[in-house]
Every structure is written in C-alpha cells, then in structure tokens.
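Only heavy atoms go into these numbers, but all of them, side chains included; no hydrogens, no water, no symmetry mates.
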Amino acid sequence: MALKHKHSRGYDFVFIIIFHTHKCIFVLMRIVFILYGGHYIGIILVSKIKAIINKERKKKMSKQWISRGGKAEITIVMSSNPGKQEEYAASELKNYLDYITSSSIPIGDESTPGAVIAIGSAAARLGVTAGKELGEDGFTIRSVGNSLAIAGGKRGVIYGVYEFLEKLGCRFFTPTCEKIPSIPVLELPVLNDTQVPVLEYRYHDYSDIMRYPRFAVKCRLNGTMDGSAPIKEKFGGYLSYVWFVHTFEPCILNPEEWFDKHPEYFSMVDGKRIKERTQLCLTNPDVLRIAIEKVTAALREHPGCRLISVSQNDWGNNCTCPECRKIDEAEGSGAGSLIWFINQVAEAIEPEFPDVIVDTLAYKYSRPAPKYMRPRKNVCVRLCSIESCFAHPFETCDDKSRLARLPDGTTTNFIHDLKEWAKVCDRLYTWDYTTCFSHYPLPFPNWNVLQPNMQTLIRNNVKGVFEQGCRAIGGSTDLNELRAYLISKLLWDANCDYERHMSEFLEFYYGQAAPFIRQYIKTLTAKVEKDNIHCHINDNCDRPDLTDDMLDIYDALFDQAEEAVRGDPVRAVRVAKARLSIRWVRLKKDAMLKGVKNPGEIHRFFDDWRSHGLTRIDEWVSAETTHRALIEGIWRGTSYYKNWWDEGPEEL
C-alpha cells in the first residue's frame, strides 16, 4: 500500500508498507525524496525487502517434519550393536510416533542418511554422547541441524524418549489411561534439554506400579520393594535389594530357632531377655559374626543386587543390656548401638562387595541421629517419618502427639531428626507415608504437603525416597491414581509444576467432573489447614474433618461430579469409584459411633467395592474380615488376631 502526504515544508513522503502475514510482521519502508532543492537524500533499496522475504522463505523450508501427509519424513536410528535398553527406547518411540501421526516411522541404523532421531550410542553421529555426569538415569535431548539426539544412561535413554513424547503432548497417567494426541502433520521441535534426577532411588508401591513394571518405567521409578515386581533389564532394570526391610527376624536370627539355645542373642528389656517381638543384642559378638555370614551368603546368591537391608524388626523393644545401653546413652539415641553394629557388617563385606550398600532404618527408637557415631561410606540410613502428621508440611507442623523419645527421656520431632541425620550421613534415604493404612478409602488430605515435603527431604541431603502408599492388589480409592501420578512426578523433580500436573490429570481422567473433584480436594485440605487438624497413617474414620456436616459437603460435590459425566460412561465409573471413600466413612462412622447398621447400604457398598475390582480396605486383612468387623462393631479387622500380620497376604 502506498500513501502520499504533503508536508508543510514541501517534503513528499512515500510510505510503502509490506505486510508479512505468516509471522504477523511487517516491513516498513520509507523512501524519501527531497524535491525542494533537487537534492537526493537517500533510498532504502527494494533488494533489502527481497532479502528479508527470502530469509523468511528459507526459515519455512528449513522445518523438519516427523510426518506429513501420512508419510514419515524422518528415521529413528540405533547403533549397529544397540543395547537392550536402546532397542526398547527406539521401539517405544516408534510405537507412540506411529500412534500420534498415523504413519509408520521407520527404524534404521547408523548409516541411514537424512534427518534422523538418533537413540543412545547412535547419537554420536550427531556429536552427542552420554557422559558420566548423566549416571544411569539422566538423559539429554538435543537438536542438531535437522535431526535430534536422545542419549542417556542405562535407564536414562528410555526416560529421554518418554520426555520427548511428553513434549509432544503425551501423558502417561495410569497403565490404562494415556493421553496421546493425534497430529498427522507433526513437526520435529527444536530442543536442548538435559535432566539428571537428584534422587538416586525413587519408588512408591501403589498398586499400578506393583502390577505393571512397564508403567513404572514411564513414571521414571527405578526401585522395587523386595524384588516381587522387578523392572526387566530391557526396561532399564532397577536398584535392587537383597532383603528389603525388618530383617533382624527371620533373615539373620529367628527367635523360634535360636532363642531357647541362645537367649543372649536377643533383646534384654527390663532386665530380661525376651522372645516375643524382640530385636537383636547388637553388642553380642556372636550376633555380629552370624550377621556377617548371613549377609555375605545372601549377596553371593544375588550377585546383581547393590543394596541389602540389615534393619530392626517392625516394633520396639530394642536391647537395653548394659553394653547396648552404654552406647545408646553415650550417643543419645537408640541409633548408637545400631550404627555401631551396621558399620562393622559393612566393613566386613566391603572387600568382596565394594559396590554394595548396607541399608538400615532410622525408625521409632532409632530415629534420632547419634551424637558422635557416623555411618560408613557404604552404609545407607533410611529415615522413617511414621510418627509424623501428614496434613501439614514437615517444616511447619506443630503436632506434638507422636514425638520420638530419646534414652534420657526427652523427645524430638521428625524435622529435627532429618536435619541431624543430614549432617552425619552421606547416603540418606527416607521411608515416607502417603495413605491411611487402617482404612485405605479414608480421605487422606496430604495433597498440599506432597511437594513441600519432597523439597524438604532433598534440601536435607536425601538421596533416595520410598513413598509407602496403598499396595492393595485392587488399588483402593481416595483418588490414588492421581496421587500415584503426582508422587512419581515429584520423585523425578521436586520443583515440578505440581498444579499443572494435577490439572492435566483431573481434566483428562475425570473429564467434565474435574472441577468438582478439584473442589473436593481443596475442601479436604482447607479444612485440616484452617482447623489445624493433624492426620496420621492409622487414623479411624472419626477425625474432625470427617464430621457429618463435612461429609454432606463432600457428597454434594460428588453429586455435581456424577451429574457432569452422566453421559460419559468411562468417567462416570471413575467418579463412582472415587465416591466410595465417602460412602465407607459414613458406613463406618454410623456403625461405630451411632450403632446404626443399614444392611442394604452395607450390602450395596461391598457389591460396588468388588465391582470396581477393589480388594483390601485395611492394609493387613481381607475385605471379608473388614466386613465382619463392620457388622460386629469393631474398628479394624486386625483386632481378631494376636499380631496384625497374622492373616497373611492377599489371596484372590
């Protein structure tokens, strides 16, 4: 467009405005001719415009497409001798790119010409290699010309592929719920991203992870509990324990076998050696010798394992014989004699197993750090938060109801113990808790503490985190699918965009019901924060945030959620499953606090519970035992047994 304007002094201006609509930019040329006096002042040559236009055209032409018009325009390449993990990473990338584009993306080798996505060692052709700084889990994704390199450690190369797919819009919410976009015309993005997780050990035991190791890899988890749900080598393998926890009995010394002959091997409590719920006498030289022998034999039987747990049993009753008590009193903690013992085991096995870490617990009586004793370099301490409140962050919670007691009778809280262990332990892990174990369906209002607590752990030198959750085979309720997804994200990056991850999950998983589920979460957390209600891992259904008035509010939100997805059968089922949490609390409260047992409601609840594929309601007993406790007016089915674990594992 050309505009002419007559200036009062006689100058003519001609403005030529050329609009470049593709980038919404314009080039403004002003050609100035000074007619007065006949002097030529200057001109911006039209060739300048041509150069700019050609530059923009070149940019257009330099785009690299993954797929366009139903045809692949790039090749995934591996080295001529790829590892199992590289092969799996390449196959996963092809599977998902094919799904996204509805075209078949070919897989080639290092000699394949043209634009490529180079996986693992094949990325060397693009000048990208996985350095030692990436470790086994780190990765780098880098654009090189019109190609892309994805390189990483043993597991990192797989994680790198999933990160790339997430950048394209994929989301791996559950084993059966993934958000995969449909993009037939897919451009290769320009990327330069390197990620190395702070945590060397990352694991939680929610049902989907236990049942589906391939999904665990998508969540970037790299552990197991006891090897019962191993992550295959082609998936990158995992950090494996020989023994996982509470191994004094029976792994080292079973009192049923040893106590009658050698009571001195076991705890002295109130001046007497005890057989029931006992620990080991850690200053007894024979106990140390036997422990070293048992640990050595176990490691020889499992040559690939890098962690072995030598840890106290799941109760109190630590030994208070004169020798053990002397160490503990001097160290100001039951951890004194424990670390003294573990250090000797670790020193003994180190020559034969230089890469193995001996793991122990800082748990209950051993939770406070010792004053002077220091764990050896090949010792890992797993600090347990079991006494904590989980409605408020570790750093700000003022709950004083469940403090750990020191040998001198004083008490200490978890955050203090965490900071003290951080000063003395080079390899500090934590065992944290994220559900109510006595009533799995019970609303557990920890949504606002998951991220700050993870950040607190990492700030205090923690290198590995196990988040114990609901491991019932059926998975239970209480929005556990969402909780498991968020925990996985936090284990990888404690500073991730937590709210975005939550919103993305809710919007896709619950559809039109998402706003009401989100408001339900906000209402749960607002109540415990406003009234400073402390929540623990074995609460009953009578907490002050679960009054009848509050249950009415929660039910009203679920009414709206169910109405919103009435025409969406998949999401309607998911909302109905989530609502079972509120239904359970009402049933249990009515039975226990009011003496009201509605046979029809009870029957419908357990029918619906099973129809959703759900199993245990209590961590330690079957749904049948929980049903019996409900109709007999008992809080928990474990009350029928001498020991809470006596019913045994789930049998379906």
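A side-chain donor from one of Thr434 and Tyr206 sits under 3.5 Å from a side-chain acceptor of the other. For the residue pair Asp205 and Gln468, no side-chain donor N or O sits within less than 3.5 Å of a side-chain acceptor on the partner. Residues His416 and Thr412 have side chains that bring a donor and an acceptor to within less than 3.5 angstrom of each other. At a cut-off of 3.5 Å, with distance as the only test, a side-chain donor of Ser337 or Asp328 sits close to an acceptor on the other residue. A donor and an acceptor atom, one from each side chain of Asn453 and Asp432, are nowhere located under 3.5 Å apart. No donor-acceptor contact under 3.5 angstrom links the side chains of Thr360 and Ser311, judged on distance only. Judged purely by distance below 3.5 Å, without hydrogens or angles, the side chains of Tyr641 and Glu647 pair a donor atom with an acceptor atom. If you check the side chains of Arg459 and Thr456, you find a donor sitting under 3.5 Å from an acceptor. A side-chain donor from one of Trp492 and Gln195 sits under 3.5 Å from a side-chain acceptor of the other. Side-chain polar atoms of His262 and Asn284 form no donor-acceptor pair below 3.5 angstrom.
Between Glu624 and Arg628, none of the side-chain N atoms (NZ, or NE/NH1/NH2) sits under 4.0 Å from a carboxylate O, so this pair counts as no salt bridge. Ion pairing between Glu136 and Arg155 holds under the 4.0 Å rule for side-chain N and carboxylate O. Taking 4.0 Å as the cut-off between side-chain N and carboxylate O, Arg289 and Asp286 count as a salt-bridged pair. Salt-bridge check for Asp545 with Arg543: passed, with a basic side-chain N closer than 4.0 Å to an acidic carboxylate O. Ion pairing between Glu420 and Lys423 holds under the 4.0 Å rule for side-chain N and carboxylate O. Salt bridge Arg382/Asp359: present, at least one basic N to carboxylate O contact under 4.0 Å. Here Glu233 pairs with Lys154 in a salt bridge; the nearest charged N to carboxylate O distance falls below 4.0 Å. Between Arg202 and Asp137, at least one side-chain nitrogen of the basic residue sits less than 4.0 Å from a carboxylate oxygen of the acidic one, meeting the salt-bridge criterion.
Minimum interatomic distance between Pro443 and Leu524 (heavy atoms only, all atoms of both residues): CB-CD2, 3.9 Å. Shown here for Ile231 and Ala216, the closest heavy-atom pair between the two residues is CD1-CB, 4.3 Å. Summarising the geometry of Met373 relative to Gly336, their closest heavy-atom pair is CE-O, 3.8 Å, with the distance given to 0.1 Å.
The backbone N or O of Ala484 sits less than 3.5 Å from a side-chain atom of Ser488, completing a donor-acceptor pair. No donor-acceptor distance shorter than 3.5 angstrom exists from the side chain of Thr625 to the backbone of Val621, with no hydrogens or angles considered. For the pair Asn643 (side chain) and Trp645 (backbone), a donor-acceptor distance under 3.5 Å is absent. Using a distance-only test at 3.5 Å, with no hydrogens or angles considered, no donor-acceptor pair links the side chain of Thr430 to the main chain of Val465. Side chain of Arg220 to main chain of Lys218: no donor-acceptor pair is present (N/O by atom type, distance under 3.5 Å, no hydrogens or angles). Panel note: side chain Asn313, backbone Arg277; no donor-acceptor pair is recorded below 3.5 Å. Within the 3.5 Å criterion, the main-chain N or O of Ser388 finds no donor-acceptor partner in the side chain of Ser385. Under a 3.5 Å cut-off, the side chain of Asn222 and the backbone N or O of Leu239 do not form any donor-acceptor pair. The closest donor-acceptor contact from the side chain of Asp208 to the backbone of Glu481 lies at 3.5 Å or more, if one exists at all. Between the Lys589 side chain and the Asp542 main chain, no donor and acceptor come within less than 3.5 Å of each other.
Using a 4.5 Å heavy-atom threshold, the side chains of Pro255 and Glu249 count as touching. Two residues are said to be in side-chain contact when any heavy atoms from C-beta on lie closer than 4.5 Å; Ile308 and Ile357 fail this criterion. When side chains are defined from C-beta on, Glu632 counts as touching Tyr640, because their heavy atoms get closer than 4.5 Å. Considering only heavy atoms from C-beta on, Ile274 stays 4.5 Å or farther from Phe266 through its side chain. Between Asn318 and Ser366, every side-chain heavy-atom pair lies at or beyond the 4.5 Å cut-off.
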(request) Check the pair Arg471 / Glu619 against salt bridge (Lys or Arg N to Asp or Glu O under 4.0 Å), numbers first and verdict last. (result) CA-CA 8 Å; Arg471 66 178 306 197; Glu619 179 187 18; over 6 Å; no
(request) Apply the test side chain to side chain donor-acceptor pair (under 3.5 Å) to residues Glu650 and Ser622: give CA-CA distance (whole Å), side-chain angles for both, the deciding distance (0.1 Å), then the verdict. (result) CA-CA 7 Å; Glu650 287 192 73; Ser622 66; over 6 Å; no
(request) Would you check, one step at a time, whether the test side-chain contact (heavy atoms from CB on, under 4.5 Å) holds for Cys281 with Cys324? (result) CA-CA 7 Å; Cys281 179; Cys324 289; 4.0 Å; yes
(request) In sequence, state the C-alpha distance, the side-chain angles, and the governing distance for Asp314 and Trp644, and then conclude on side-chain contact (heavy atoms from CB on, under 4.5 Å). (result) CA-CA 11 Å; Asp314 196 8; Trp644 70 83; 3.6 Å; yes
(request) Give the intermediate values and the outcome of side-chain contact (heavy atoms from CB on, under 4.5 Å) for residues Leu482 and Trp447. (result) CA-CA 10 Å; Leu482 170 63; Trp447 301 100; 3.7 Å; yes
(request) Take Glu276 and Trp315, measure what side-chain contact (heavy atoms from CB on, under 4.5 Å) needs, and give me the verdict at the end. (result) CA-CA 11 Å; Glu276 297 292 328; Trp315 44 75; over 6 Å; no
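Between Phe605 and Trp584, the ring-plane angle classifies as tilted under the 30° and 60° cut-offs. Ring geometry for Phe248 against Phe341 counts as perpendicular: the plane angle is over 60°, on a 0 to 90° scale with 30° as the lower cut. Classified by interplanar angle (parallel below 30°, tilted 30° to 60°, perpendicular above 60°), the ring pair His392/His534 is perpendicular. Relative ring orientation between Phe244 and Trp431 is described as tilted, the plane-to-plane angle lying within the 30° to 60° band.
Within a 6.0 Å sphere centred on NZ of Lys275, heavy atoms belonging to other residues, nucleotides or ligands number more than 12. For Glu352, the CD atom is densely surrounded, since the number of other residues' heavy atoms within 6.0 Å is greater than 12. Counting heavy-atom neighbours within 6.0 Å of Arg376 CZ, excluding the residue itself, gives a total above 12. Taking a 6.0 Å sphere around CG of Asp408, one finds it holds more than 12 heavy atoms contributed by other residues, nucleotides or ligands. Surrounding CZ of Arg405 are at most 12 heavy atoms belonging to other residues, nucleotides or ligands under 6.0 Å away.
Geometrically, Arg273 does not engage Phe259 in a cation-pi contact, judged by NZ or CZ lying under 6.0 Å from the ring centre and within 45° of the ring axis.
The one candidate from Arg402, Lys364, Arg367, His536 that meets the side chain to side chain donor-acceptor pair (under 3.5 Å) condition with Glu387 is Arg367. The side chain to side chain donor-acceptor pair (under 3.5 Å) with His439 is formed by just one residue from the set Asn540, Thr626, Asp478; it is Asn540.
With values rounded to the nearest 0.5 angstrom, Ile537 atom CD1 is found 8.5 Å from Cys436 atom SG.
Ring-centre distance between His246 and Tyr363: below the 6.0 Å cut-off. Aromatic rings from Trp620 and Tyr440 are positioned such that their centres are separated by 6.0 Å or more. Taking the six-membered ring for Trp and the full ring otherwise, Tyr429 and Tyr203 have centroids separated by 6.0 Å or more.
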